[in-house]
Structure formats: C-alpha cells, structure tokens
Amino acid sequence: MQKSFLSPLDAAEEAEYLQRLEQGDEKARDVLIERNMRLVAHIAKKYLGPEEDMEDLISIGTIGLIKAVSTFRPDRAIRLATYAARCIENELLMYFRSKRKISKDISLYEPIGTDKEGNQIMLVDIMESGEAELWERVVLKRDVGQLYALIPRVLSRREQYIICRRYGLYNTRPCTQKEIARRIGISRSYVSRIEKKALAKLKRAFLEH
C-alpha cells in the first residue's frame with residue numbers, strides 16, 4: 001500500500017526551518033526531510049519498473065534528499081525542493097548505473113529537475129551554465145577519475161593514442177579524425193572505427209566498474 005506523506009512546507013515555513021537548521025537545530029533537519037518525502041516518492045515513481053520495488057527507490061531517493069538538506073544554502077536563488085530534486089534524481093541515476101540498467105546512450109537532454117519557475121532542467125543546461133552544484137562537481141570528478149584509470153587498462157596503445165588525441169586528454173590539443181589519420185598513416189574511416197570501438201570498451205568497463 002502506498003504511503004501517505006506530509007504536505008510540503010510553504011516558502012515562509014521552509015525559510016524558518018532552514019534558519020533553525022543553520023543555527024544547529026537538528027529537529028529542523030528532520031522536519032525538512034519529512035516534509036519533502038512526497039517529492040522523493042514523486043521522483044521515484046518515474047523510475048518504477050517491473051523489476052523495481054517502490055519502497056527501495058524511495059529509500060535510495062531519501063539518501064539524495066538527506067544530502068540536499070545537509071548541503072543546501074539558504075542564500076540560493078532557488079527553493080530547497082528544486083535543489084533536492086536534482087540530488088534525488090542523481091542518487092537514483094547512480095543506483096541504476098551501478099546495476100547497469102542505465103541506457104548505454106544517456107542523453108544530455110535527460111530532465112533532472114525543475115527551476116523555480118517550474119521549467120524543466122536538463123543535464124545539458126547544467127553542463128553549459130558553468131554553475132554546477134557541489135554534488136555535481138563531486139560526481140563529475142569521481143567519474144572522470146574512473147575513466148582516466150580505465151583508459152590504460154582496457155584500451156590498446158593505438159586506441160589510447162586516438163582517444164587521447166581526439167578528445168584532448170592529458171592537456172593535449174583535440175584533433176580531428178583526419179589529423180590523427182595523417183599522423184599515424186591510416187584512413188580517416190579506420191580512425192573512426194577504432195574510436196567507436198574504444199569508446200564502447202570504455203563505456204562497458206565504466207558501467208561494470
């Protein structure tokens with residue numbers, strides 16, 4: 001049976017409890033979490049599938065909510081719920097990725113929350129804004145580190161060279177496939193095939209990591 005959750009706080013109530021939390025009131029933290037559990041359930045429902053349990057998804061989403069309450073700054077120009085939605089989505093996405101159920105082609109246009117006006121926020125918006133939140137920077141740094149560690153482990157020397165030169169890794173200048181082909185004496189189409197194969201190997205290894 002679906003749980004019933006308390007209604008969300010209004011703007012004035014939220015500001016009051018955030019202020020109390022900032023002053024060290026741990027009970028205020030509990031209230032902020034409890035009154036945003038409906039948001040967790042709403043987001044978790046979007047990820048519910050035949051192989052998933054709603055209670056499990058809510059538990060995972062709640063971790064994201066707790067992180068949001070712990071790291072939210074009241075001086076932000078957005079409501080806590082907007083920030084929390086991103087953290088909850090991120091926690092669920094990391095869960096699914098760990099189970100290797102995320103699509104092999106994650107879209108940059110994947111909706112990850114809404115702004116204060118109710119407009120959808122997509123992954124590409126955050127990437128282009130240059131204003132990534134702390135949790136996004138932490139996750140990105142971790143993922144980049146994992147990819148750099150995987151490159152020498154799963155790619156051949158030729159694949160490493162092509163991927164590093166193609167995407168400007170290790171502080172090199174990004175090159176076109178044509179430039180790389182000329183440098184190593186093979187056709188551009190062959191470079192393209194090696195690049196695609198190398199990316200597929202990295203993606204598979206990353207999802208299995």
Side-chain angles (χ1 to χ4, degrees), residues 1-103 106-129 131-140 142-143 207:
M1 184 173 66
Q2 181 65 45
K3 286 184 178 180
S4 60
F5 298 104
L6 298 174
S7 59
L9 298 168
D10 61 31
E13 290 173 326
E14 181 180 289
E16 177 188 346
Y17 280 103
L18 285 170
Q19 183 178 22
R20 286 168 56 178
L21 176 60
E22 203 170 29
Q23 294 169 348
D25 185 347
E26 289 301 315
K27 289 184 178 179
R29 181 193 305 276
D30 294 339
V31 171
L32 289 165
I33 292 170
E34 290 170 2
R35 298 295 285 271
N36 280 284
M37 284 302 299
R38 185 176 291 184
L39 174 64
V40 174
H42 173 73
I43 294 173
K45 189 175 181 180
K46 296 194 302 181
Y47 291 89
L48 185 62
E51 298 181 8
E52 303 300 333
D53 180 79
M54 185 63 174
E55 292 299 316
D56 289 342
L57 295 184
I58 288 176
S59 296
I60 293 160
T62 302
I63 295 172
L65 173 59
I66 292 170
K67 290 179 180 178
V69 171
S70 299
T71 59
F72 183 75
R73 295 195 305 271
D75 59 354
R76 296 176 186 273
I78 59 174
R79 290 284 303 274
L80 171 62
T82 303
Y83 177 70
R86 301 179 190 176
C87 296
I88 295 164
E89 291 261 11
N90 184 64
E91 203 67 35
L92 287 164
L93 287 172
M94 287 195 295
Y95 162 71
F96 280 105
R97 187 174 63 193
S98 70
K99 293 184 67 175
R100 288 173 284 172
K101 289 187 177 180
I102 289 294
S103 166
I106 298 175
S107 172
L108 290 179
Y109 296 92
E110 179 77 21
I112 59 172
T114 57
D115 61 21
K116 60 183 178 181
E117 297 175 351
N119 301 311
Q120 273 195 338
I121 298 173
M122 300 181 182
L123 181 58
V124 69
D125 296 325
I126 292 175
M127 293 180 69
E128 292 177 350
S129 70
E131 298 178 354
E133 303 292 354
L134 174 62
W135 65 266
E136 294 168 324
R137 295 199 300 270
V138 170
V139 171
L140 178 61
R142 183 199 61 194
D143 289 351
L207 292 175

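Bear in mind that the values here come from a model prediction, so they are computed numbers and not experimental data. All heavy atoms count here, side chains included; hydrogens, waters and symmetry mates do not.
- Sorted by first then second residue, the ring pair (Phe, Tyr, Trp, His ring centres under 6.0 Å) pairs that include residues 49-78, not counting sequence neighbours, are F72-Y83.
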What donor-acceptor contacts under 3.5 angstrom involve side-chain atoms of residues 24-32, with partners at least two apart or in another chain?
residue: D25; atom: OD1; partner: K27; partner atom: N; Å: 2.9
residue: D25; atom: OD1; partner: A28; partner atom: N; Å: 3.4
residue: D25; atom: OD2; partner: R20; partner atom: NE; Å: 3.2
residue: D25; atom: OD2; partner: R20; partner atom: NH2; Å: 3.2
residue: E26; atom: OE1; partner: R29; partner atom: NE; Å: 2.9
residue: R29; atom: NH1; partner: S70; partner atom: OG; Å: 3.0

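- Between the CE atom in M94 and the CD1 atom in I63 there is a gap of 8.5 Å [rounded to 0.5 Å].
- Considering all non-hydrogen atoms of both residues, M54 and K45 come closest at CE-N, 3.7 Å.
- Considering all non-hydrogen atoms of both residues, A81 and E14 come closest at N-OE1, 4.4 Å.
- Taking both residues in full, the closest heavy atoms of I60 and E91 are given as O-CG, 3.3 Å, listed atom of the first, atom of the second, then distance.
- Considering CG of L65 and CG of N36, their distance stands at 5.5 Å, rounded to 0.5 Å.
- Side-chain atoms of D10 come within 3.5 Å of backbone atoms of E13 as a donor-acceptor pair (strictly under, hydrogens ignored).
- At least one side-chain heavy atom of I58 sits less than 4.5 Å from a side-chain heavy atom of F5.
- Under a 4.0 Å N-O distance rule, the pair E89/K46 qualifies as a salt bridge.
- With sequence neighbours left out, the side chain to side chain contact (heavy atoms under 4.5 Å, CB included) criterion links D75 to R73.
- The structure places CG of L6 at 6.5 Å from CD of E34, a figure rounded to the nearest 0.5 Å.
- The distance from atom CG of L18 to atom CZ of R79, rounded to the nearest 0.5 Å, is 9.0 Å.
- Under the side chain to side chain contact (heavy atoms under 4.5 Å, CB included) criterion, P8 pairs with R38, not counting sequence neighbours.
- Counting only heavy atoms from C-beta outward, the side chains of T62 and M37 approach each other to under 4.5 Å.
- In this structure, the side chains of Q19 and E16 stay at 4.5 Å or more apart for every pair of heavy atoms.
- L92 approaches G61 most closely through the heavy-atom pair CD2-N, 4.3 Å.
- The two residues G64 and C87 have their closest heavy-atom pair at O-CB, 3.4 Å.
- Side-chain contact between L57 and L48: present, with at least one pair of heavy atoms (C-beta onward) separated by less than 4.5 Å.
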